[in-house]
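We're numbering straight along the sequence, starting at 1. Being a predicted model, the structure only gives us computed values, none of them experimental.
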Amino acid sequence: MRPLRILVLLVLLAAFGGGAFVVNRGLQSLDQPVTLDSPLIFLVQPKSSFSRVASELAARGVIREPRAWTLYARFKGLASAVKAGEYQIQPGITPRELLNKMVSGQVLLHSFTIVDGLRVQDVLEQMRHHPDIVNTLPPAGSPKLSALIMEKLGERDVDAEGQFLPETYKFISGTTDLDILRQAHAALQRELANAWASREAGLPAMNPQELLIMASIIQKESGIPQELAKIAGLYWHRLAIGMRLQADPTVIYGLGERYDGTIHTVDLQSDTPYNTYTHAGLPPTPIALASAAVIEATAHPEKTDALYFVASTKGDGTHVFSATLEQHNVAVAAYVAHQRQKAAGAGH
(Lines give C-alpha, C1' and ligand atoms only; values in the text may rest on other atoms or scores of the structure.)
Protein backbone atom coordinates (compact mmCIF):
# COMPACT_ATOMS: atom_id res chain seq x y z
CA MET A 1 0.00 0.00 0.00
CA ARG A 2 2.85 2.35 0.83
CA PRO A 3 4.55 2.02 -2.62
CA LEU A 4 1.18 2.68 -4.25
CA ARG A 5 0.73 5.91 -2.25
CA ILE A 6 4.23 7.04 -3.21
CA LEU A 7 3.49 6.25 -6.86
CA VAL A 8 0.28 8.30 -6.70
CA LEU A 9 2.18 11.19 -5.14
CA LEU A 10 4.81 11.00 -7.88
CA VAL A 11 2.13 11.01 -10.55
CA LEU A 12 0.45 14.01 -8.98
CA LEU A 13 3.72 15.89 -8.75
CA ALA A 14 4.57 15.02 -12.34
CA ALA A 15 1.23 16.23 -13.58
CA PHE A 16 1.46 19.39 -11.51
CA GLY A 17 5.10 20.27 -12.13
CA GLY A 18 5.70 18.88 -15.60
CA GLY A 19 8.21 16.06 -15.56
CA ALA A 20 10.27 13.64 -13.57
CA PHE A 21 12.89 16.27 -12.81
CA VAL A 22 10.32 18.48 -11.14
CA VAL A 23 8.92 15.50 -9.23
CA ASN A 24 12.32 14.59 -7.89
CA ARG A 25 13.18 18.17 -7.02
CA GLY A 26 9.85 18.60 -5.23
CA LEU A 27 10.30 15.47 -3.14
CA GLN A 28 13.86 16.38 -2.25
CA SER A 29 12.80 19.87 -1.19
CA LEU A 30 10.70 18.41 1.65
CA ASP A 31 13.84 17.39 3.52
CA GLN A 32 16.17 20.22 2.57
CA PRO A 33 16.84 22.60 5.49
CA VAL A 34 15.49 26.11 4.99
CA THR A 35 18.07 28.85 4.59
CA LEU A 36 17.38 31.53 7.20
CA ASP A 37 19.92 33.80 8.83
CA SER A 38 17.92 33.98 12.05
CA PRO A 39 14.69 32.60 13.54
CA LEU A 40 11.56 33.84 11.78
CA ILE A 41 8.19 34.51 13.43
CA PHE A 42 5.36 33.51 11.11
CA LEU A 43 1.65 33.91 11.80
CA VAL A 44 -0.87 31.43 10.44
CA GLN A 45 -4.10 33.37 10.37
CA PRO A 46 -7.30 31.61 11.51
CA LYS A 47 -9.12 29.94 8.60
CA SER A 48 -6.18 30.50 6.22
CA SER A 49 -6.00 27.99 3.37
CA PHE A 50 -2.89 25.85 3.23
CA SER A 51 -2.03 27.12 -0.24
CA ARG A 52 -2.04 30.66 1.13
CA VAL A 53 0.24 29.63 3.99
CA ALA A 54 2.58 27.98 1.48
CA SER A 55 2.67 31.00 -0.82
CA GLU A 56 3.34 33.39 2.09
CA LEU A 57 6.18 31.21 3.32
CA ALA A 58 7.58 31.03 -0.22
CA ALA A 59 7.43 34.82 -0.49
CA ARG A 60 9.48 35.05 2.71
CA GLY A 61 12.08 32.60 1.40
CA VAL A 62 11.19 29.74 3.73
CA ILE A 63 9.59 27.24 1.32
CA ARG A 64 11.42 26.84 -2.01
CA GLU A 65 8.88 24.48 -3.60
CA PRO A 66 5.47 25.60 -2.31
CA ARG A 67 3.55 23.50 -4.86
CA ALA A 68 5.32 20.31 -3.84
CA TRP A 69 4.85 21.16 -0.14
CA THR A 70 1.13 21.81 -0.71
CA LEU A 71 0.61 18.58 -2.67
CA TYR A 72 2.45 16.57 -0.03
CA ALA A 73 0.35 18.09 2.77
CA ARG A 74 -2.90 17.39 0.91
CA PHE A 75 -1.87 13.86 -0.01
CA LYS A 76 -1.04 13.10 3.65
CA GLY A 77 -4.33 14.67 4.78
CA LEU A 78 -2.49 17.29 6.82
CA ALA A 79 -3.33 20.49 4.95
CA SER A 80 -6.57 21.04 6.84
CA ALA A 81 -5.00 20.08 10.19
CA VAL A 82 -2.61 23.05 10.43
CA LYS A 83 -3.29 25.08 13.60
CA ALA A 84 -3.58 28.85 13.55
CA GLY A 85 -1.09 30.84 15.61
CA GLU A 86 2.45 32.18 15.70
CA TYR A 87 5.32 29.85 14.85
CA GLN A 88 9.00 30.39 15.37
CA ILE A 89 10.80 28.92 12.36
CA GLN A 90 14.39 28.08 13.20
CA PRO A 91 17.19 28.03 10.61
CA GLY A 92 17.81 24.45 9.47
CA ILE A 93 14.26 23.14 9.88
CA THR A 94 12.94 21.20 6.86
CA PRO A 95 9.55 21.80 5.19
CA ARG A 96 8.43 18.35 6.35
CA GLU A 97 9.37 19.18 9.97
CA LEU A 98 7.70 22.57 9.69
CA LEU A 99 4.49 20.95 8.50
CA ASN A 100 4.53 18.55 11.45
CA LYS A 101 5.15 21.48 13.80
CA MET A 102 2.14 23.37 12.44
CA VAL A 103 -0.10 20.30 12.55
CA SER A 104 0.82 19.58 16.18
CA GLY A 105 0.22 23.24 17.08
CA GLN A 106 3.67 23.98 18.48
CA VAL A 107 2.91 27.69 18.51
CA LEU A 108 5.19 30.33 19.93
CA LEU A 109 4.50 31.04 23.60
CA HIS A 110 4.96 34.49 25.10
CA SER A 111 5.39 35.10 28.81
CA PHE A 112 4.21 37.59 31.41
CA THR A 113 5.54 37.64 34.96
CA ILE A 114 3.46 38.84 37.88
CA VAL A 115 5.97 39.98 40.49
CA ASP A 116 5.18 39.29 44.11
CA GLY A 117 4.51 42.31 46.30
CA LEU A 118 2.97 44.41 43.52
CA ARG A 119 -0.51 45.88 43.68
CA VAL A 120 -3.12 44.91 41.13
CA GLN A 121 -3.00 48.35 39.51
CA ASP A 122 0.76 47.88 38.92
CA VAL A 123 0.12 44.54 37.21
CA LEU A 124 -2.63 46.00 35.04
CA GLU A 125 -0.34 48.82 33.96
CA GLN A 126 2.42 46.36 33.01
CA MET A 127 -0.02 44.23 31.04
CA ARG A 128 -1.22 47.30 29.20
CA HIS A 129 2.30 47.88 27.85
CA HIS A 130 3.03 44.24 26.99
CA PRO A 131 3.24 43.99 23.18
CA ASP A 132 1.73 40.50 22.99
CA ILE A 133 -1.27 40.96 25.31
CA VAL A 134 -4.58 42.18 23.90
CA ASN A 135 -5.98 44.91 26.14
CA THR A 136 -9.71 44.67 26.85
CA LEU A 137 -9.90 46.27 30.30
CA PRO A 138 -10.11 50.00 31.08
CA PRO A 139 -6.86 51.69 32.19
CA ALA A 140 -5.63 51.12 35.73
CA GLY A 141 -7.26 53.56 38.10
CA SER A 142 -10.57 53.60 36.23
CA PRO A 143 -13.65 53.74 38.47
CA LYS A 144 -14.98 50.37 39.63
CA LEU A 145 -12.26 48.52 37.72
CA SER A 146 -11.69 46.08 40.58
CA ALA A 147 -15.36 45.12 40.69
CA LEU A 148 -15.47 44.80 36.89
CA ILE A 149 -12.50 42.42 36.83
CA MET A 150 -13.83 40.15 39.56
CA GLU A 151 -17.30 40.14 38.06
CA LYS A 152 -15.86 38.98 34.73
CA LEU A 153 -14.00 36.26 36.64
CA GLY A 154 -17.28 35.11 38.14
CA GLU A 155 -16.80 36.55 41.63
CA ARG A 156 -18.89 39.29 43.18
CA ASP A 157 -18.19 41.31 46.31
CA VAL A 158 -14.49 40.41 46.18
CA ASP A 159 -11.82 43.09 45.81
CA ALA A 160 -9.31 42.31 43.07
CA GLU A 161 -6.34 43.24 45.25
CA GLY A 162 -4.30 40.18 46.12
CA GLN A 163 -6.39 37.79 44.04
CA PHE A 164 -3.70 36.76 41.53
CA LEU A 165 -0.75 34.47 42.12
CA PRO A 166 2.68 35.91 41.28
CA GLU A 167 4.48 33.69 38.79
CA THR A 168 5.32 33.58 35.06
CA TYR A 169 2.42 32.77 32.76
CA LYS A 170 2.85 31.45 29.22
CA PHE A 171 0.34 32.38 26.55
CA ILE A 172 -0.20 32.43 22.80
CA SER A 173 -0.52 35.54 20.65
CA GLY A 174 -3.96 37.09 20.88
CA THR A 175 -4.44 36.29 24.57
CA THR A 176 -6.29 39.04 26.43
CA ASP A 177 -5.45 40.68 29.73
CA LEU A 178 -8.52 39.07 31.24
CA ASP A 179 -7.40 35.61 30.04
CA ILE A 180 -4.12 35.99 31.92
CA LEU A 181 -5.85 37.32 35.03
CA ARG A 182 -8.17 34.32 34.89
CA GLN A 183 -5.15 31.97 34.87
CA ALA A 184 -3.51 33.85 37.73
CA HIS A 185 -6.70 33.92 39.81
CA ALA A 186 -7.27 30.18 39.32
CA ALA A 187 -3.66 29.55 40.38
CA LEU A 188 -4.16 31.71 43.49
CA GLN A 189 -7.34 29.86 44.42
CA ARG A 190 -5.58 26.50 44.17
CA GLU A 191 -2.62 27.69 46.24
CA LEU A 192 -4.83 29.29 48.86
CA ALA A 193 -7.13 26.26 49.11
CA ASN A 194 -4.15 23.96 49.68
CA ALA A 195 -2.64 26.26 52.29
CA TRP A 196 -5.95 26.62 54.10
CA ALA A 197 -6.59 22.87 54.12
CA SER A 198 -3.16 22.17 55.64
CA ARG A 199 -2.94 25.24 57.91
CA GLU A 200 -1.54 25.11 61.41
CA ALA A 201 -4.14 24.16 64.00
CA GLY A 202 -5.44 27.08 66.04
CA LEU A 203 -4.54 29.73 63.49
CA PRO A 204 -6.60 32.85 64.31
CA ALA A 205 -8.03 33.19 60.81
CA MET A 206 -11.74 32.80 60.10
CA ASN A 207 -11.44 31.90 56.40
CA PRO A 208 -8.99 31.63 53.48
CA GLN A 209 -9.39 35.34 52.64
CA GLU A 210 -8.13 36.32 56.08
CA LEU A 211 -5.15 34.05 55.53
CA LEU A 212 -4.53 35.81 52.21
CA ILE A 213 -4.80 39.26 53.79
CA MET A 214 -2.22 38.32 56.41
CA ALA A 215 0.03 36.83 53.72
CA SER A 216 -0.06 40.09 51.79
CA ILE A 217 1.16 41.99 54.86
CA ILE A 218 4.00 39.53 55.44
CA GLN A 219 4.89 39.78 51.73
CA LYS A 220 5.50 43.52 52.15
CA GLU A 221 7.38 43.15 55.43
CA SER A 222 10.29 40.98 54.35
CA GLY A 223 11.99 39.56 51.30
CA ILE A 224 14.12 37.17 53.37
CA PRO A 225 12.75 33.62 52.92
CA GLN A 226 14.02 32.35 56.28
CA GLU A 227 12.16 35.14 58.12
CA LEU A 228 8.72 34.67 56.58
CA ALA A 229 7.40 32.04 58.99
CA LYS A 230 8.74 33.97 62.00
CA ILE A 231 7.07 37.22 60.91
CA ALA A 232 3.88 35.25 60.30
CA GLY A 233 4.10 33.81 63.82
CA LEU A 234 4.66 37.28 65.24
CA TYR A 235 1.62 38.81 63.54
CA TRP A 236 -0.66 35.86 64.35
CA HIS A 237 0.60 36.17 67.95
CA ARG A 238 -0.44 39.83 68.01
CA LEU A 239 -3.90 38.97 66.69
CA ALA A 240 -4.35 36.14 69.17
CA ILE A 241 -3.71 38.37 72.20
CA GLY A 242 -5.83 41.23 70.86
CA MET A 243 -2.89 43.49 70.06
CA ARG A 244 -3.14 45.75 67.02
CA LEU A 245 -1.02 44.68 64.07
CA GLN A 246 0.66 48.09 63.73
CA ALA A 247 1.99 47.14 60.31
CA ASP A 248 3.54 50.01 58.37
CA PRO A 249 2.76 48.47 54.92
CA THR A 250 -0.97 48.64 55.63
CA VAL A 251 -0.67 52.33 56.50
CA ILE A 252 1.24 52.96 53.27
CA TYR A 253 -1.41 51.12 51.26
CA GLY A 254 -4.17 53.17 52.87
CA LEU A 255 -2.38 56.43 52.05
CA GLY A 256 -2.31 55.57 48.34
CA GLU A 257 -0.91 58.42 46.24
CA ARG A 258 -0.43 60.52 49.39
CA TYR A 259 2.49 58.37 50.47
CA ASP A 260 5.72 60.29 49.76
CA GLY A 261 8.21 57.60 50.67
CA THR A 262 8.27 58.32 54.40
CA ILE A 263 5.72 57.46 57.09
CA HIS A 264 5.07 60.57 59.17
CA THR A 265 3.48 60.72 62.62
CA VAL A 266 0.34 62.18 61.08
CA ASP A 267 0.16 59.17 58.73
CA LEU A 268 0.06 56.77 61.68
CA GLN A 269 -2.93 58.73 62.97
CA SER A 270 -4.75 58.95 59.63
CA ASP A 271 -8.07 57.17 59.86
CA THR A 272 -8.15 54.88 56.83
CA PRO A 273 -9.58 51.34 56.95
CA TYR A 274 -6.02 50.09 56.36
CA ASN A 275 -4.41 51.85 59.33
CA THR A 276 -3.62 48.94 61.63
CA TYR A 277 -2.32 51.38 64.25
CA THR A 278 -5.78 52.87 64.74
CA HIS A 279 -7.90 49.82 63.78
CA ALA A 280 -7.82 46.42 65.44
CA GLY A 281 -7.68 43.22 63.44
CA LEU A 282 -6.91 42.72 59.78
CA PRO A 283 -7.43 45.34 57.06
CA PRO A 284 -10.46 44.83 54.80
CA THR A 285 -8.53 43.45 51.79
CA PRO A 286 -5.04 42.24 50.90
CA ILE A 287 -2.55 45.01 50.28
CA ALA A 288 -0.38 43.25 47.70
CA LEU A 289 0.05 40.08 45.69
CA ALA A 290 1.47 37.36 47.94
CA SER A 291 3.70 34.63 46.55
CA ALA A 292 3.10 30.92 47.04
CA ALA A 293 6.03 30.79 49.50
CA VAL A 294 4.57 33.57 51.62
CA ILE A 295 1.09 32.03 51.63
CA GLU A 296 2.65 28.73 52.75
CA ALA A 297 4.64 30.44 55.52
CA THR A 298 1.54 32.30 56.68
CA ALA A 299 -0.41 29.05 56.95
CA HIS A 300 2.47 27.40 58.83
CA PRO A 301 3.91 30.11 61.08
CA GLU A 302 6.83 29.66 63.41
CA LYS A 303 5.83 29.55 67.06
CA THR A 304 7.36 32.60 68.71
CA ASP A 305 6.90 34.82 71.74
CA ALA A 306 8.19 37.79 69.71
CA LEU A 307 5.82 40.74 69.37
CA TYR A 308 8.14 43.34 67.83
CA PHE A 309 10.72 43.53 65.08
CA VAL A 310 12.90 46.17 63.48
CA ALA A 311 15.49 46.19 60.69
CA SER A 312 18.87 44.94 61.84
CA THR A 313 22.10 46.90 61.49
CA LYS A 314 23.53 44.24 59.14
CA GLY A 315 22.07 45.95 56.08
CA ASP A 316 21.02 42.64 54.55
CA GLY A 317 17.27 43.05 54.98
CA THR A 318 17.06 40.91 58.11
CA HIS A 319 15.32 41.95 61.32
CA VAL A 320 15.83 41.87 65.07
CA PHE A 321 12.90 40.25 66.91
CA SER A 322 11.95 41.07 70.48
CA ALA A 323 9.45 39.65 72.98
CA THR A 324 9.18 42.82 75.08
CA LEU A 325 8.85 46.49 74.32
CA GLU A 326 12.00 47.18 76.33
CA GLN A 327 14.05 44.83 74.17
CA HIS A 328 12.49 46.33 71.07
CA ASN A 329 13.37 49.88 72.12
CA VAL A 330 17.01 48.84 72.55
CA ALA A 331 17.02 47.30 69.05
CA VAL A 332 15.38 50.42 67.58
CA ALA A 333 17.95 52.68 69.28
CA ALA A 334 20.78 50.57 67.89
CA TYR A 335 19.31 50.77 64.39
CA VAL A 336 18.80 54.55 64.57
CA ALA A 337 22.37 55.07 65.83
CA HIS A 338 23.70 52.88 63.02
CA GLN A 339 21.77 54.86 60.41
CA ARG A 340 23.03 58.17 61.79
CA GLN A 341 26.60 56.90 61.77
CA LYS A 342 26.24 55.70 58.20
CA ALA A 343 24.76 59.04 57.12
CA ALA A 344 27.57 60.92 58.81
CA GLY A 345 30.14 58.74 57.07
CA ALA A 346 28.51 59.31 53.70
CA GLY A 347 28.73 63.04 54.23
CA HIS A 348 32.54 63.03 54.42
Side-chain angles (χ1 to χ4, degrees), residues 1-113 126-136 167-180 182-183:
M1 192 62 167
R2 183 175 178 80
L4 178 60
R5 294 178 65 185
I6 295 175
L7 179 61
V8 173
L9 176 59
L10 291 173
V11 171
L12 287 172
L13 284 171
F16 196 79
F21 174 77
V22 175
V23 170
N24 186 57
R25 188 179 67 184
L27 287 174
Q28 288 182 345
S29 72
L30 297 176
D31 296 304
Q32 292 176 347
V34 302
T35 53
L36 293 173
D37 295 330
S38 59
L40 173 71
I41 305 301
F42 180 77
L43 175 63
V44 176
Q45 297 284 357
K47 299 182 180 180
S48 286
S49 66
F50 190 83
S51 58
R52 179 177 177 181
V53 172
S55 63
E56 289 179 355
L57 284 170
R60 299 185 69 171
V62 177
I63 300 296
R64 287 192 291 269
E65 299 289 340
R67 291 182 296 178
W69 196 55
T70 301
L71 276 174
Y72 172 76
R74 288 175 177 169
F75 179 75
K76 298 288 284 185
L78 300 176
S80 60
V82 168
K83 310 293 190 304
E86 279 185 320
Y87 292 89
Q88 186 173 55
I89 304 174
Q90 297 286 352
I93 194 172
T94 67
R96 195 191 304 268
E97 291 170 340
L98 178 56
L99 177 61
N100 292 333
K101 183 173 185 174
M102 290 180 167
V103 169
S104 60
Q106 298 176 38
V107 295
L108 176 65
L109 293 178
H110 302 282
S111 64
F112 177 73
T113 300
Q126 291 177 356
M127 292 175 70
R128 195 165 190 81
H129 291 91
H130 195 292
D132 301 302
I133 297 176
V134 177
N135 293 299
T136 64
E167 63 178 50
T168 297
Y169 294 92
K170 300 289 187 179
F171 61 94
I172 63 173
S173 177
T175 297
T176 68
D177 43 16
L178 196 61
D179 290 332
I180 294 174
R182 184 174 287 107
Q183 290 183 56

Tell me whether E56 is salt-bridged to R52, with the criterion being a basic N under 4.0 Å from an acidic carboxylate O.
yes
Would R74 and S51 satisfy side chain to side chain contact (heavy atoms under 4.5 Å, CB included), going step by step from the backbone distance to the final call?
CA-CA 10 Å; R74 288 175 177 169; S51 58; 3.8 Å; yes
How close do S111 and F171 get, heavy atom to heavy atom, and via which atoms?
C-CE2, 3.6 Å
Report the distance from atom CZ of F112 to atom CD of Q183, rounding to the nearest 0.5 Å.
11.5 Å
Roughly how far, to the nearest 0.5 Å, is CG of D179 from CG of D177?
8.0 Å
Once you round to the nearest 0.5 Å, how far does CG of L99 lie from CG of L78?
5.0 Å
dist H130:NE2 -> N135:CG (nearest 0.5 Å) comes out at 10.5 Å
Can you pull the side chain to side chain donor-acceptor pair (under 3.5 Å) pairs that have at least one residue in residues 82-97, sequence neighbours excluded?
D31-R96, Y72-R96, E86-H110, Q88-Q90, T94-E97
Does the side chain of I89 reach to within under 4.5 Å of the side chain of K101, using non-hydrogen atoms?
no
Any side-chain heavy atom of R67 within less than 4.5 Å of one from L71?
no
Where do S29 and A68 come nearest, in terms of heavy atoms and distance?
OG-CB, 4.3 Å
Looking at A54 and T70, what are the two nearest heavy atoms and their distance?
CB-OG1, 3.4 Å
So which heavy atom on S48 is nearest to which on V53, and how close?
CB-CG2, 4.1 Å
Note, L40 side chain near V34 side chain (heavy atom, < 4.5 Å)
no
Euclidean distance, L57 CG relative to R64 CZ, rounded to 0.5 Å:
13.0 Å
What closest approach, in Å, do P33 and G92 show between heavy atoms, and which atom pair accounts for it?
CB-O, 3.3 Å
Within the distance-only criterion (no hydrogens, no angle test), does the side chain of W69 pair as donor or acceptor with the backbone N or O of I63 below 3.5 angstrom?
no
